[in-house]
Number of protein chains: 2
Amino acid sequence: MAIGRRPGISRTREELLTAARRRFADLGYDKTTVRAVAADAGVDPGIVTHFFGTKDAMFRAAMDWPFDPDDFVRAIVGPGRRGMGERLARTFLELWQGAESQPRLLAIFRSASTHEESAALVKEFVHDQLYGRLAEALGGADAELRVDLALSQLLGLAMLRHVLQVEPIASAPVEQVVARIAPTLDGYLRTPRR
Amino acid sequence: MAIGRRPGISRTREELLTAARRRFADLGYDKTTVRAVAADAGVDPGIVTHFFGTKDAMFRAAMDWPFDPDDFVRAIVGPGRRGMGERLARTFLELWQGAESQPRLLAIFRSASTHEESAALVKEFVHDQLYGRLAEALGGADAELRVDLALSQLLGLAMLRHVLQVEPIASAPVEQVVARIAPTLDGYLRTPRR
DNA sequence: GTCTATAATCGGATAGAC
DNA sequence: GTCTATCCGATTATAGAC
C-alpha cells in the first residue's frame, strides 16, 4: 500500500509551479512566458490557463515567501538584543543559500524592480511584518528608519551577491559575510541613547 | 548670430533619448517599447530605427553614466582617508537626487536585474573603475571584498529609497541618511589592522 | 484533465515613398 | 530626415474537442 498521489489529482500543477519558480527566478517576470513554463513542465500552455487562469495568478501561486514571517521575526528578536545583528545576517544569508528558498527569493527580487506585484510583496512584508513587531521590539522614535537602514544593507547584499553576482563577494563564505555585516546591523538596530 | 542648432541636424535624436531615459527609468528595459518612446517624442517608430537601428542600441545610447568615473573616484579618495565614508555617501546620494542623473541611474538599476546589458554596465564599472583605483587606495589583502561590502550598502539604499520607495527612508533627508551610513562605509573601507 | 486550434494583440524591424 | 505601410514573430488568453 504505497502512499501514492491520490488519483485524479495530478502532479502537473506542482510541476508547473516548480518550472515557474525557476523561470521567474532566472529571467524575472517580464521575460518569463507561459509557453516556456508549460514546455518545461512538459504540458500544453492551455493547462496553465486551466489551473491558474492568468500569468499573474500563476506568479502569485508560485511566489509565496519561503519562510514563515512569524518564525523569522521571532528567531531574530526572541533571544534578545545581544547577537541580533549576527542572527539577522545569518538567517537572511542562509535563506539565500537554500535550494528551496533561493529561487523564490530570486524571483521576487529580480522582478521587484519592474513588476508592481513583486514590489508590493516586498513592501507588504516590510510594512506588515517587520515594522509592527521588529520596530516595536527595538524601541526609539525612529525605529522604522533604523529597520529600513538594516534592510538596505541586507537587500544590497542580496542584489550584489545573488542577482548581479559580483565577485569576490558572490563567492565569499556565509560566515565571512556575516562577520562583516553583523556590526553594521547592530549599529542600526541599537536603540539610540538620548 | 545666435548660436542655434545647425541646420540639418534636428533635435529629434535628443528628444528620443530623453523620452527613452524616462521610459527606461520608469518601466525598465523589457516594458519599454520602441513605439512608446517614439510617441513620447512625437515621431514615428521608424525614426528610432533610422537613428539607432535597434532598441538595444537606443538603450546604450541613452544610458551613459551621469558622471565621470574619474572625477567620482578622485572626489572620494583624493582628500585622504578621513571623512571618506561621508564623502562617498553624500556623493552617491546626491547623484540619486539630481534631475539629470536620477533617470539614468534608475534606468540602469531598474533594468539590471533582468537585462544583461544593464547588469554588464554595473559590473564593468565596479570592475574597471572601482577595483583598480579605489581598492588600491585602500590597501589590504581583501580590499575588493571591502569595496563590495560598501557597494552593497549603497546599492541596497538606492533600491529601497528610489526604486522600491519604501517609507520612511524614501523621504528621509539626504544628510540624515549620510550621517547614518557614513560610519558603516568607513568601517568597511578602513584598512584592517593585521 | 489534457490538448488542438485560434483569436486578438502587440512587439521589433524593414522597404520605400516623399 | 521623416513618415506610411507592412512583414513577421511572439504573446496572452479563449473556445471547444477528446
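Of the residues in residues 29-36 of chain B, B:Thr32, B:Thr33, B:Val34, B:Arg35 come within less than 4.0 Å of DNA chain C through at least one heavy atom, sorted by number. Of the residues in residues 50-62 of chain A, those with a non-hydrogen atom less than 4.0 angstrom from any atom of DNA chain C are A:His50, A:Phe51.
Residue A:Thr12 places at least one side-chain N or O under 4.0 Å from the OP1 or OP2 atom of C:dT2.
With sequence neighbours left out, the salt bridge (charged side-chain N to carboxylate O under 4.0 Å, His left out) criterion links A:Glu175 to A:Arg90.
Distance CZ (A:Arg11) to P (C:dG1): 14 Å, rounded to an integer number of Å. C:dG12 atom C1' lies 15 Å from atom CD1 of B:Ile47, rounded to whole Å.
Between B:Trp96 and B:Phe109, the two ring planes are tilted [angle within 30° to 60°]. In this pair, A:Phe59 and A:His115 present their aromatic rings perpendicular. The plane angle is above 60°, beyond the 30 to 60° band.
Formation of a donor-acceptor pair under 3.5 Å by the B:Thr32 side chain with backbone atoms of B:Arg23 is found in this model. With hydrogens and angles ignored, the 3.5 Å screen pairs a side-chain donor or acceptor of B:Arg110 with a backbone N or O of B:Asp26.
Linking Ile, Leu, Val, Met, Phe, Trp and Tyr residues whenever their side-chain heavy atoms come within less than 4.5 Å places B:Leu95 and B:Leu151 in a single cluster.
Listed candidates were C:dA13, D:dC3, D:dT4. Nearest to the side chain of B:Asp44 is D:dT4.
Across all strands, A:Val43 comes closer than 4.0 Å only to sugar-phosphate atoms, never to a base (heavy-atom distances).
Nearest-nucleotide positions on DNA chain D place B:Gly46 closer to the 5' end than the other of A:Thr49 and B:Gly46.
For the pair B:Pro168 and A:Glu144, the minimum side-chain heavy-atom distance is below 4.5 Å. At least one side-chain heavy atom of A:Met159 sits less than 4.5 Å from a side-chain heavy atom of B:Ser113.
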